[in-house]
*Asks:* 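Attaching a single structure in structure tokens format; questions to follow.
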Amino acid sequence: MIGDKGFFSKSNIEEIDKAKVGYIIPMKRDNEIIDYKPISKLDRKGFTGYFKYHDRFIWYYSYPHVEEHRVFVFYDNQLKGKEERDYLDRIEDKKENYTIGQFKNKIKTFGTLSIYSNLKNKEAIDIYEDYKIRMNIETMYDTMKNTLRADKSYMQNREAFEGWIFINFIALQWYYHLQVLLKQKKLLKQFSPKDLLLLLSQINSIK
């Protein structure tokens, strides 16, 4: 089971454990069980290592929690830079509740993703990729709009419109089938389904 940040709580975890279900659940950044000490050190000695995902380097470390549960902390330096800029922009625009004091308190959490899991045999990269696949499901509509360009139908009657919907449904299945194949071949760190579609779009059969 892959949840979202709002789902994490002690009572929910206890119920899922009783049901003997494996899970990956992200935590809100202010959760007290998250240890940010390794991130504050510039030498990265507290990190276990890193991996490449969609042409970005993700650093990570993990540590045990109660009853063989584990906390995984992932750190994306590019995301950290973006979040810092966004927060400072809000301070410059004098947005409510955005202050330099709050910025200093939050800076250690920028660029991080913390995940709680009871999966004993999963490596950090597997946990990260499984969670990202869930995020891809949430961005399915964005895929239909920007990759498949299926936000406008231009159909003139009901039969044509239903056919258009069906074709886009099949195309969306193929898109995520590519996602699964890339994950199985451990190629997600190099390519995305959109990369392959762009490559394949340049191949023509001439009769």
Side-chain angles (χ1 to χ4, degrees), residues 1-17 22-120 122-142 188-189 192:
M1 188 194 80
I2 303 177
D4 60 27
K5 293 179 181 179
F7 196 78
F8 183 87
S9 70
K10 183 179 179 181
S11 58
N12 282 347
I13 293 298
E14 288 174 351
E15 289 299 319
I16 304 169
D17 283 335
Y23 53 83
I24 294 171
I25 301 179
M27 296 181 290
K28 293 181 179 179
R29 290 178 173 176
D30 59 356
N31 193 299
E32 61 183 14
I33 71 172
I34 303 174
D35 180 10
Y36 289 110
K37 292 187 186 72
I39 294 174
S40 61
K41 298 178 181 178
L42 297 177
D43 56 16
R44 305 278 169 92
K45 287 183 178 179
F47 286 81
T48 304
Y50 67 88
F51 54 83
K52 197 173 183 180
Y53 182 84
H54 285 190
D55 205 33
R56 295 168 75 159
F57 289 101
I58 310 298
W59 287 83
Y60 69 91
Y61 58 93
S62 65
Y63 51 92
H65 199 242
V66 292
E67 298 179 358
E68 299 185 349
H69 297 76
R70 286 190 296 168
V71 176
F72 293 84
V73 180
F74 301 95
Y75 175 73
D76 182 340
N77 194 52
Q78 291 185 42
L79 178 61
K80 176 184 172 65
K82 180 179 182 300
E83 291 182 345
E84 282 188 15
R85 288 194 302 272
D86 289 346
Y87 199 97
L88 291 172
D89 280 339
R90 287 178 169 85
I91 293 176
E92 290 293 304
D93 294 338
K94 301 187 184 306
K95 298 286 186 180
E96 188 176 358
N97 298 324
Y98 288 88
T99 66
I100 192 64
Q102 289 288 352
F103 173 82
K104 291 177 180 179
N105 290 332
K106 291 177 177 291
I107 191 170
K108 65 182 179 181
T109 70
F110 288 155
T112 64
L113 168 66
S114 299
I115 290 178
Y116 196 81
S117 178
N118 64 347
L119 299 174
K120 301 175 184 177
K122 287 271 190 178
E123 298 294 332
I125 187 172
D126 299 321
I127 296 287
Y128 190 85
E129 287 183 349
D130 286 347
Y131 178 72
K132 285 298 182 178
I133 285 177
R134 174 196 174 280
M135 297 303 292
N136 286 335
I137 294 172
E138 289 190 347
T139 58
M140 190 177 292
Y141 285 112
D142 185 63
L188 274 176
K189 61 183 180 181
S192 69

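All values below were derived from every heavy atom in this structure, side-chain atoms included, with hydrogens, water molecules and symmetry-related copies excluded.
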*Asks:* Any side-chain to backbone donor/acceptor pair from Asp93 onto Lys95? Under 3.5 Å, distance only.
*Replies:* no

*Asks:* Report the distance from atom CD of Glu15 to atom NZ of Lys10, rounding to the nearest 0.5 Å.
*Replies:* 12.5 Å

*Asks:* What are the two closest heavy atoms between His54 and Leu188, and how far apart are they?
*Replies:* CD2-O, 2.8 Å

*Asks:* So do the side chains of Tyr63 and Val73 get within less than 4.5 Å of each other, counting heavy atoms only?
*Replies:* yes

*Asks:* For Phe72, which residues count as a ring pair (Phe, Tyr, Trp, His ring centres under 6.0 Å) partner, sequence neighbours excluded?
*Replies:* none

*Asks:* Begin from the C-alpha positions of Ile16 and Asn118 and carry the test side chain to side chain contact (heavy atoms under 4.5 Å, CB included) through to its verdict.
*Replies:* CA-CA 10 Å; Ile16 304 169; Asn118 64 347; 5.6 Å; no

*Asks:* Could you grab the distance from atom NE2 of His69 to atom CD1 of Ile13, nearest 0.5 Å is fine?
*Replies:* 6.5 Å

*Asks:* Which atoms form the tightest heavy-atom contact between Arg56 and Leu79, and what is the distance?
*Replies:* NH2-N, 3.3 Å

*Asks:* What heavy-atom pair brings Tyr131 and Gly3 nearest, and what distance separates the two atoms?
*Replies:* CE1-O, 4.0 Å

*Asks:* Kindly state each residue pair satisfying salt bridge (charged side-chain N to carboxylate O under 4.0 Å, His left out) with at least one member in residues 25-40, sequence neighbours excluded.
*Replies:* Arg29-Glu83, Asp35-Lys37

*Asks:* Closest approach of Asn97 and Gln102, non-hydrogen atoms and distance?
*Replies:* O-CG, 4.2 Å

*Asks:* Tell me every residue that passes ring pair (Phe, Tyr, Trp, His ring centres under 6.0 Å) with Tyr98, counting only those two or more places apart in sequence or in another chain.
*Replies:* Tyr87

*Asks:* Are Phe8 and Ile33 close enough that some pair of their side-chain heavy atoms sits under 4.5 Å apart?
*Replies:* yes

*Asks:* Between CZ of Phe74 and CH2 of Trp59, what distance do you get to the nearest 0.5 Å?
*Replies:* 14.0 Å

*Asks:* Using atom types as modelled and distance alone, determine if a side-chain donor or acceptor of Asp86 lies under 3.5 Å from a backbone N or O of Asp89.
*Replies:* no

*Asks:* Please tell me if the side chains of Arg44 and Tyr75 come closer than 4.5 Å, counting only heavy atoms from C-beta onward.
*Replies:* yes

*Asks:* Any chance you could lay out the ring-ring contact (aromatic ring centres under 6.0 Å, His included) test for Phe51 and Tyr128, step after step, and finish with the verdict?
*Replies:* CA-CA 10 Å; Phe51 54 83; Tyr128 190 85; 5.3 Å; yes

*Asks:* So, using ring pair (Phe, Tyr, Trp, His ring centres under 6.0 Å) as the criterion, who are the partners of Tyr61 when residues are at least two apart?
*Replies:* Phe47

*Asks:* Taking C-beta and beyond as the side chain, do Lys122 and Ile24 meet within less than 4.5 Å on heavy atoms?
*Replies:* no

*Asks:* What are the two closest non-hydrogen atoms of Ile91 and Ile100, and how far apart are they?
*Replies:* CD1-N, 3.8 Å

*Asks:* Under 3.5 Å, side-chain donor or acceptor atoms of residues 107-117 against the rest of the protein: list the pairs with distances, not counting sequence neighbours.
*Replies:*
{"from": "Thr109", "atom 1": "OG1", "to": "Lys106", "atom 2": "O", "distance (Å)": "2.7"}
{"from": "Thr112", "atom 1": "OG1", "to": "Thr109", "atom 2": "O", "distance (Å)": "2.6"}
{"from": "Tyr116", "atom 1": "OH", "to": "His65", "atom 2": "ND1", "distance (Å)": "2.9"}
{"from": "Ser117", "atom 1": "OG", "to": "Tyr23", "atom 2": "O", "distance (Å)": "2.9"}
{"from": "Ser117", "atom 1": "OG", "to": "Leu119", "atom 2": "N", "distance (Å)": "3.1"}

*Asks:* What is the minimum heavy-atom distance between Asp76 and Gln78, and which atoms define it?
*Replies:* OD1-N, 3.0 Å

*Asks:* State, yes or no, whether a side-chain contact exists between Glu84 and Phe103 at a heavy-atom distance under 4.5 Å.
*Replies:* yes

*Asks:* Taking side chain to side chain donor-acceptor pair (under 3.5 Å) as the test, write out the residues that go with Glu123, two or more places apart.
*Replies:* none

